[in-house]
Amino acid sequence: MRIGLAHKMKTVDRSRLTPHSAHWGVFLAGEGEDGNLKVLPHPSDPDPNPLIHNFPDALAHRARVVQPMVRQGWLEQGPGPDARRGRDRFIPMEWDAVLDLLAKELKRVQETVGPAGVFGGSYGWSSAGRFHHAQSQVHRFLNTAIGGYVRSINTYSAGAAEVILPHIAGRVDQVARRNVTWEQIAEHSEVVLAFGGLALKNSRVASGGVSLHLERNSMKEAAARGCRFVGISPQRSDMPEEARSEWFCVTPGSDTALMLGLSHTLVSAGLHDQAFLASHCDGWLDFEKYLMGRTDGEPKTAKWAAERCGIAEHMIVDLARSLIGKRVLVTIAHSLQRSEHGEQPVWMGLVLAAILGQIGLPGGGYSYALGTLAHYGRRNNAVPVGALNQGRNGIGDFIPVARISDMLLHPNEPFEYNGQHLRYPDIRLAYWAGGNPFHHHQDLTRLAEAFRRLDTFIVHEIGWTGTARHADIVLPCTMTLERDDIGAAQTDPLMVAMRRLRRPNGQAKDDYDIFCELSRRMGTYEAFSEGRDTLGWLKHIYEPTRQALEEKGLPAPTFEEFWEAGELLLPQAADDGGMFRAFRDEPKDKPLPTPSGRIQISSPVVAGFGYDDCPGHPTWIAPRRPPTQSFPLWLVANQPASRLHSQLDFGGHSQSTKVDGREVCSLHPTTAAERGISAGDLVRVFNARGAFLAVARLCSDMHLDVVQIATGAWLDLRRDLDGGALCVHGNPNILTFDAGTSRLGQGCTGQLCVVQVERYEQAAPQVRAYEPPQ
Ligand SMILES: Nc1nc2c(c(=O)[nH]1)N[C@H]1C(S)=C(S)[C@@H](COP(=O)(O)OP(=O)(O)OC[C@H]3O[C@@H](n4cnc5c(=O)[nH]c(N)nc54)[C@H](O)[C@@H]3O)O[C@H]1N2
Ligand SMILES: Nc1nc2c(c(=O)[nH]1)N[C@H]1C(S)=C(S)[C@@H](COP(=O)(O)OP(=O)(O)OC[C@H]3O[C@@H](n4cnc5c(=O)[nH]c(N)nc54)[C@H](O)[C@@H]3O)O[C@H]1N2
Ligand SMILES: [Mo]
């Protein structure tokens, strides 16, 4: 057992500590002398994530769902569209009765419309653990029980990048997960241009959970060696202190203009790497014409860029010139592409790196999404980690994940995606486990309308999220720490036996057990369970790792040995630079998986789609929903520092960052003063779609025209004075607009929208987000 018994801890009986894993990292958990759950950082973690402190208060919190609940209107009138969905009462039911009812409804839908009328996209992060991964569970269940479901493709994280990158370089995982590492940055990089920053709050999270949070120390080492970090973001706080960075305070949504200005400065002075552009890239001439203004009469000079991105012309010129002769890495945060025309900064960042000619060099070139999640910038494991097989989906229909409301509101209507002409399916039933669309989706008033069109909406949840409140059938499920699982990620060497530490809260059951019992009623138990109980599945999932270890001649403990030890250290692959390094060294023999095998500065394929919102080379397209007189500020709705999305928002650490139980928003002191707002005031942030309340924090290290609020405060809707929707807790997705990044990617655009802010003069409404419904 590798757990650090030397760890200083007085109140915990160390013999009872066991390792466990969450998306926010591997940690130790056990019972304190007072009988309460105690959590400790893992002793091998150099920079543990404080998010682990959301666990102790969460396990038995009143916000947990304690028994199966069915919406009264659905129970009385049966399945069908219903305006009361999301506003109705819930009736408690016994497990057997509710599962009988649900199996009957699934059979009805299967027989009447078939699996093509069932949406099983069920997007969401759920919890770490290779087996109890809720999305895999629900997919496997729908595949075996009814023959499939309409799925969703891509992610809210990277919807635009996932579609543009394969056209121009390679798959997003090749570009993000096996590329420049933090080790290389510490050793080789001389300049890191970090578009969207490299915030530690973000990079300490990774699906599956990592045991080594190494970003902070890597930046510290690099900075000590003299590496220059440039944080390009509307908020200075997106760079850690340790990077000792310079700050370029960019206007939201304008990075493409800034990158064009930098490129123009280099190219007009003949400082671009013409040899690299000729040997490794295609389509330079078309792009160069655009850059120099020969196609549209507008040279993309530093002055042109300054007018759009808010950074002074001389700063752009100086920055561009300072890059020459240096090992430069360009990083593009996910956030830049989670907004209108999000494909453009992803593509333009690659082109800027190509102009500098260092793609594929250690610590140089282009790294998409570095610093946004702990998966990026690391070595990958040399052995596989298993996962639950989801089975075969008999239905081919899909939607780009963020088009959920469009799908439900516009059945059978056409839409475009990545060169394809598709139609939205006609969905009658949706099944969700492990996600919270009333956290993750945009324009939540519209989303609520969309869900009201369904016949039936089923949700498995640990807590009374906005999504659970909009369901017809809510089934209480266990959270991690209440069940056995295996924790592992392909980018971290530690595999963890996540042993159950607590009895399930209330009547909660594992998603797996719920699906087993439903499968029995559907007559598909054998196909779903393959006759295995949870431990049987854990052994099954562990086996590929054990086998690969054995094949490599390495110690390969049996499952029982691993389970007893608590952890297993896996071998990692070399830090070889991945696809870009191989391509740089041997462009002919190791081509990129693009149509020409080279970097696509222009893409004939994308040009061929004829999209004005994503033309054939990186292009500055002004935002279609820019600030106006009524709504002059950008709302930056980014990832929360104190939790993962909406998860355990009721936990102690998340609560400690709220004021009077409400979310905090940040704005510049000048912007606040113009509106008579002081620090600590309750403010109303609003636009044409609705409003939320939050407590004002003043911060001079941010853009004058920005209000920032983290996502993840649980929705708490009231009627505003003007009759509109008001979230009194601070959920920004009441205000965000619901449109795709472009017809190419159709990705999520939730990061940015325009708003106004005012002091809230009414009596402060109480937050009731965690009170269970009646
Ligand atoms: N405005 C705006 N919106 C955004 C973003 C933004 O930048 N701005 N970012 C987007 C991004 S990048 C993402 S990834 C999404 C995240 O969106 P989600 O992944 O949907 O958010 P989570 O809060 O992680 O939702 C997971 C849910 O699963 C539940 N859960 C946990 N464990 C289990 C389990 O074992 N079983 C079951 N059945 N349920 C479980 C949790 O209680 C929680 O409600 O949000 C997106 N939304
Ligand atoms: N603690 C914590 N960490 C997380 C998550 C979480 O919920 N909590 N979620 C994880 C997930 S699923 C994902 S996908 C990643 C997301 O990674 P990102 O999407 O990169 O994260 P965000 O915090 O939304 O945005 C990063 C920063 O970008 C800046 N920004 C916003 N708009 C612009 C712009 O137009 N230009 C520039 N230059 N900067 C801009 C904002 O100031 C913001 O703080 O984070 C992961 N890490
Ligand atoms: Mo994400």
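Predicted, not measured: the structure shown is a model, and the values here were computed from it. Atoms within a ligand are numbered from 1 in the order they appear, just like the ligands themselves.
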Peer 1: Against heavy atoms of Ser157, which atoms of ligand 2 measure under 4.0 Å?
Peer 2: 12 (S), 14 (S)
Peer 1: So which heavy atom in the protein is nearest atom 36 (N) of ligand 1, and how far is it from that ligand atom?
Peer 2: Asp511 OD2, 2.7 Å
Peer 1: Can you see whether His132 engages Asp485 through a side-chain donor-acceptor pair at a distance of less than 3.5 angstrom?
Peer 2: no
Peer 1: When only distance counts, is Ala433 in polar contact with ligand 1, meaning an N/O pair under 3.5 Å?
Peer 2: no
Peer 1: Can you tell me the protein heavy atom closest to atom 17 (O) of ligand 2 and the distance?
Peer 2: Thr372 CB, 3.4 Å
Peer 1: Report the nearest protein non-hydrogen atom to atom 4 (C) of ligand 1: residue, atom name, distance rounded to 0.1 Å.
Peer 2: His440 O, 3.8 Å
Peer 1: Starting from atom 25 (O) of ligand 2, what is the nearest protein heavy atom, named by residue and atom, and what distance separates them?
Peer 2: Ser335 CB, 3.1 Å
Peer 1: May I ask you to identify the nearest protein heavy atom to atom 44 (O) of ligand 2, giving residue, atom name and distance to one decimal place in Å?
Peer 2: Asp238 OD1, 2.6 Å
Peer 1: Is the closest N or O pair between Trp125 and ligand 1 shorter than 3.5 Å?
Peer 2: yes
Peer 1: Give yes or no for whether the N/O distance cutoff of 3.5 Å, strictly under, is met between His441 and ligand 1.
Peer 2: no
Peer 1: Would you tell me which option among Pro234, Pro640, Ser203 has the nearest heavy-atom contact to atom 40 (C) of ligand 2?
Peer 2: Pro234
Peer 1: Measure the distance from atom 31 (C) of ligand 1 to every protein heavy atom, then report the residue, atom name and distance (to 0.1 Å) of the closest one.
Peer 2: Ser127 OG, 3.3 Å
Peer 1: Is it the side chain, the backbone, both or neither of Gln751 that has a heavy atom closer than 4.0 Å to ligand 2?
Peer 2: side chain
Peer 1: For atom 8 (N) of ligand 2, tell me which residue out of Arg643, Gln639, Lys201 has the closest non-hydrogen atom.
Peer 2: Arg643
Peer 1: Under a 3.5 Å cutoff, is there a donor and acceptor pairing between the side chains of Tyr156 and His439?
Peer 2: no
Peer 1: Under a 4.0 angstrom heavy-atom cut-off, which atoms of ligand 2 come close to Ala333?
Peer 2: 20 (O)
Peer 1: Tell me: protein heavy atom nearest atom 35 (O) of ligand 2, and distance?
Peer 2: Gly253 N, 2.7 Å
Peer 1: Considering both backbone and side-chain atoms of Asn638, is one of its nitrogen or oxygen atoms within less than 3.5 Å of a nitrogen or oxygen in ligand 1?
Peer 2: no
Peer 1: Would you name the heavy atoms of His23 and Ser127 that are closest together and state the gap between them?
Peer 2: NE2-C, 3.2 Å
Peer 1: Of the backbone atoms (N, CA, C, O) and the side-chain heavy atoms from C-beta on, which set of Val250 has a member under 4.0 Å from an atom of ligand 2: side chain, backbone, both, or neither?
Peer 2: side chain
Peer 1: Which heavy atom of the protein is the closest neighbour of atom 42 (O) of ligand 1, given with residue, atom name and distance?
Peer 2: Glu461 OE1, 2.9 Å
Peer 1: Give me the nearest non-hydrogen protein atom to atom 10 (C) of ligand 2 as residue plus atom name, then the distance to 0.1 Å.
Peer 2: Leu373 CD2, 3.7 Å
Peer 1: Regarding Asn49 and His213, do their side chains bring together a donor and an acceptor under 3.5 Å, going by distance alone?
Peer 2: no
Peer 1: Based purely on interatomic distance, does Val205 place a nitrogen or oxygen under 3.5 Å from a nitrogen or oxygen of ligand 2?
Peer 2: no
Peer 1: Among Asp255, Leu370, Asn202, Thr251, which one has a heavy atom closest to atom 34 (C) of ligand 2?
Peer 2: Asp255
Peer 1: Geometry only, no angles: is Pro732 polar-contacting ligand 1 at N/O separations under 3.5 Å?
Peer 2: no
Peer 1: For the residue pair Tyr770 and Phe650, categorise the inter-ring angle as parallel (less than 30°), tilted (30 to 60°) or perpendicular (more than 60°).
Peer 2: perpendicular
Peer 1: Taking only heavy atoms of Leu644, which atoms of ligand 2 are found under 4.0 Å from at least one of them?
Peer 2: 5 (C), 6 (C), 7 (O), 8 (N), 9 (N)
Peer 1: To which protein heavy atom is atom 12 (S) of ligand 2 closest, and what is the distance rounded to 0.1 Å?
Peer 2: His645 NE2, 3.0 Å
Peer 1: Starting from atom 14 (S) of ligand 1, locate the nearest protein heavy atom and write down its residue, its atom name and how far away it is, to 0.1 Å.
Peer 2: Tyr123 OH, 3.2 Å
Peer 1: May I ask whether Gly463 has any heavy atom positioned less than 4.0 angstrom from an atom of ligand 1?
Peer 2: no
Peer 1: For ligand 1, find out whether one of its N or O atoms is nearer than 3.5 Å to an N or O atom of Ala637.
Peer 2: yes
